[in-house]
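Since the structure comes first, as structure tokens, the remarks are kept for the end.
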Protein chains: 2
Amino acid sequence: MTIHLAETGADGSLKACTHDYQVNCGNCRLNSICLPLALETDDIQQLDDIIQRSKPLQKSQHLYREGDDFQSVYAVRSGTLKAYKTTDDGREQVTGFYFPGEILGMDGISNNAHASSAKALETAAVCEIPFTALERLSSLMPNLQRHFFQLMSREITEDQQLITLLSKNSADERVAALMLSISNRNARRKLSATQFRLPMSRVDIGNYLGLTVETVSRVFSRMQKMEVLQVDNKEIEILDTAGLQNMANLTG
Amino acid sequence: MTIHLAETGADGSLKACTHDYQVNCGNCRLNSICLPLALETDDIQQLDDIIQRSKPLQKSQHLYREGDDFQSVYAVRSGTLKAYKTTDDGREQVTGFYFPGEILGMDGISNNAHASSAKALETAAVCEIPFTALERLSSLMPNLQRHFFQLMSREITEDQQLITLLSKNSADERVAALMLSISNRNARRKLSATQFRLPMSRVDIGNYLGLTVETVSRVFSRMQKMEVLQVDNKEIEILDTAGLQNMANLTG
DNA sequence: TGCTTCACTTGATTCACATCAAGGCTGTAA
DNA sequence: TTACAGCCTTGATGTGAATCAAGTGAAGCA
């Protein structure tokens, strides 16, 4: 079950939320995989104090856009977002998908402006973490500083994985790798590793993986024929995890 | 003129260097683009105290290898290095080239183990920056913490550039983009933006850009025919910067 | 000095994926 | 219920870069 946290006024516009839905880092069921991960109870409270939870998003609404002033990073609380850049000939490059417990917006730190745009793929709730406050807190809490360095470092290694995928792997391998990645991220949140609903369109998948929609569709068909995957529109069931891993042929 | 800082014993093996070549962050001519960039004189001294300069590398020698314990990040003082990952079917993926003033090794933070290997493309000198000491210092110096966050963020945005390049651009565009990148990085160090020697092989270029050697070679030939570039083995002269930028057709 | 090796170039052929084109399915609104 | 719009699938054809195959040139070594 998904809890919808978004609120809109009668005109459909977003209302500022003053209450906090009784959610805080201390009781959030994502805290073991999210930013508070490395902290003691007292410290979690302090982190909680700087976090703002006033940003529920409707499907296809932007969290921030490329070029916006950088103020905060964001933790996903529910729903899914995609990050993307727009090339100057107007095309899109999807640079990542963000699931609950994951942090996005860190690419804005270097230039004090967001280097990519972020858009909700479905109704999504995020925790806003003002960056200057986070910096201040990080100076005081070595564990938090360390953890945030690690988060950024992980973003780097994940990007490098994608670089390798794009540069060395076939269409089949790329799609298989993405399915396994989503499966793993579901497992981390104690959800099914074998059955899930894709929050993104075939276009987004193709865009992320450097493929066309048609190719993505054909790969899914092929995988279904090989009885590795059961595909029903956005509903995915992994029938043969070992087969899928084999197909992905990933970097160790 | 390049100053060679490496020292080898009579047997060609690397000697530990006890003296420091009178180099320190305060007088290093790269300090305006390197880690000390954001610091006051006093703070630079403190940063300098934790830095170790005992690691000159010969061509093709490793600075660290994928899987090695992560202890330090490194600033390039002279020469060039490449970072690469090995896929489990034994192939290489070059993930970056590092020129003087640039920092490498940050991908090791997330898992306390280096996520890639780093190898000298020519004789190279690096400054080793032990990470725990850097963390401690960062807690005390907000500017240093900020700057290091920015460096990591830049690595992320650069990786995203490469992702876009690999996913959306043709062979010509990729090679043009790399030439422009090297040109810009030279300019930053007050070297010629239009004439330089490539420190890496065609294989490395192709590997980095997701192309074969043959394709890279053909692109260079084509660019030469179009009088955009003068190519003499590793010596490059950019004849028509605007034409090259046009050819690169990059993301804004 | 010539030999060997490695890096690079060039040409011919092949192939994986893009592109072009058409049709089917799903969800929403009147 | 129909109608429309988006999204997805499938098929036919085209193409840019990979692969295969020879060279050529430059660097290191005996």
Side-chain angles (χ1 to χ4, degrees), chain A residues 12 58-60 82 87 89 91-94 119 121-123 165-179 197-226 229-236 247 249, chain B residues 12 58-60 82 87 89 91-94 119 121-123 165-179 197-226 229-236 247 249:
Chain A
Q58 300 300 333
K59 179 174 175 168
S60 90
K82 72 167 174 183
T87 62
D89 51 348
R91 288 176 306 173
E92 246 180 49
Q93 172 65 43
V94 174
K119 190 191 238 185
L121 292 172
E122 58 196 323
T123 305
L165 200 66
L166 291 171
S167 158
K168 294 268 181 304
N169 294 83
S170 68
D172 286 2
E173 290 166 338
R174 295 183 207 181
V175 174
L178 178 60
M179 293 304 107
R197 182 180 173 78
L198 295 176
M200 72 292 283
S201 68
R202 300 285 193 272
V203 175
D204 285 335
I205 293 175
N207 196 318
Y208 177 68
L209 296 175
L211 302 169
T212 58
V213 213
E214 293 95 326
T215 300
V216 173
S217 183
R218 279 185 249 270
V219 172
F220 276 137
S221 301
R222 221 174 296 151
M223 285 176 164
Q224 182 144 281
K225 197 166 292 168
M226 293 170 70
L229 227 60
Q230 181 66 244
V231 184
D232 177 17
N233 201 3
K234 304 211 164 182
E235 294 295 337
I236 300 289
M247 206 160 163
N249 189 30
Chain B
Q58 299 300 333
K59 178 172 177 170
S60 90
K82 72 168 175 182
T87 62
D89 50 350
R91 288 177 305 174
E92 245 182 49
Q93 173 64 43
V94 174
K119 190 192 239 187
L121 293 172
E122 56 196 324
T123 306
L165 200 67
L166 290 172
S167 159
K168 294 268 181 304
N169 294 84
S170 68
D172 286 1
E173 290 167 337
R174 294 183 207 181
V175 174
L178 178 60
M179 291 306 107
R197 182 183 172 76
L198 295 175
M200 72 292 282
S201 69
R202 299 286 192 273
V203 175
D204 286 334
I205 293 175
N207 196 318
Y208 176 69
L209 296 174
L211 303 169
T212 57
V213 213
E214 293 95 325
T215 300
V216 173
S217 182
R218 279 185 249 270
V219 172
F220 275 136
S221 301
R222 223 174 293 152
M223 284 176 165
Q224 181 143 281
K225 199 166 292 169
M226 294 170 69
L229 227 59
Q230 182 64 245
V231 184
D232 176 16
N233 203 2
K234 305 212 163 181
E235 294 296 336
I236 300 288
M247 205 160 165
N249 190 30

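What separates CG of A/L198 from P of C/dT26 is a distance of 16 Å, to the nearest Å. Between the CD atom of A/E235 and the P atom of C/dT26 there is a distance of 13 Å, given to the nearest Å. Rounded to whole Å, the distance from CE on B/M223 to P on C/dT10 is 15 Å.
Counting heavy-atom neighbours within 6.0 Å of B/K59 NZ, excluding the residue itself, gives a total of 12 or less.
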Can you check nucleotides 17-19 of chain C for protein contacts, nitrogen or oxygen pairs under 3.5 Å, and list what you find?
residue, atom, partner, partner atom, Å
C/dC17, OP1, A/A171, N, 2.7
C/dA18, OP1, A/G210, O, 3.4
C/dA18, OP1, A/T212, N, 3.4
C/dA18, OP2, A/T212, N, 3.4
C/dA18, OP2, A/T212, OG1, 3.0
C/dA18, OP2, A/T215, OG1, 2.3
C/dT19, O4, A/R218, NH2, 2.9

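With rounding to the nearest 0.5 angstrom, the OG atom of A/S217 is 10.0 Å from the CZ atom of A/R222. Going from atom CD of B/E173 over to atom CG of B/L165 covers 8.0 Å, rounded to the nearest 0.5 Å. Here CE of B/M247 is found 12.0 Å from CG of B/N169. Values are rounded to the nearest 0.5 Å.
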Test side-chain contact (heavy atoms from CB on, under 4.5 Å) on B/Q224 and B/Q230; report intermediate values, then the result. CA-CA 6 Å; B/Q224 181 143 281; B/Q230 182 64 245; 3.3 Å; yes
Under the side-chain contact (heavy atoms from CB on, under 4.5 Å) rule, what do B/T123 and B/Q58 come out as? Steps first, then yes or no, please. CA-CA 5 Å; B/T123 306; B/Q58 299 300 333; 4.0 Å; yes
Applying side-chain contact (heavy atoms from CB on, under 4.5 Å) to A/L198 and A/M179, what does each step give before you reach the verdict? CA-CA 9 Å; A/L198 295 176; A/M179 293 304 107; 4.0 Å; yes
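At C/dT26, none of the side-chain N or O atoms of A/K234 fall inside 4.0 Å of OP1 or OP2 (strictly under the cut-off).
A/D172 and A/S170 share no side-chain donor-acceptor pair at under 3.5 Å.
Protein chain B contacts DNA chain D from D/dA17 to D/dC20, reading 5' to 3' and using non-hydrogen atoms of the protein with a distance under 4.0 Å.
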Only pairs under 3.5 Å count here: list side-chain donor-acceptor contacts from residues 202-211 of chain A, not counting sequence neighbours, and write none if there are none.
residue, atom, partner, partner atom, Å
A/R202, NH1, A/N233, O, 3.4
A/R202, NH2, A/N233, O, 2.7
A/D204, OD1, A/K82, NZ, 2.9
A/N207, OD1, A/V94, N, 3.1
A/N207, OD1, B/K168, NZ, 3.1
A/N207, ND2, A/E92, O, 3.0

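With DNA chain C read from its 5' end, the first of the two nearest nucleotides for A/N233 and B/S217 is the one closest to B/S217.
One end of the helix from C/dT1-D/dA30 to C/dA30-D/dT1 points its axis 40° away from the other end's axis, with each axis taken from 5 pairs and the angle rounded to 10°.
In this structure, the side chain to side chain donor-acceptor pair (under 3.5 Å) partners of A/E122, at least two apart in sequence or on a different chain, are A/T80. Take B/D232 and apply the salt bridge (Lys or Arg N to Asp or Glu O under 4.0 Å) test, not counting sequence neighbours, and it matches no residue.
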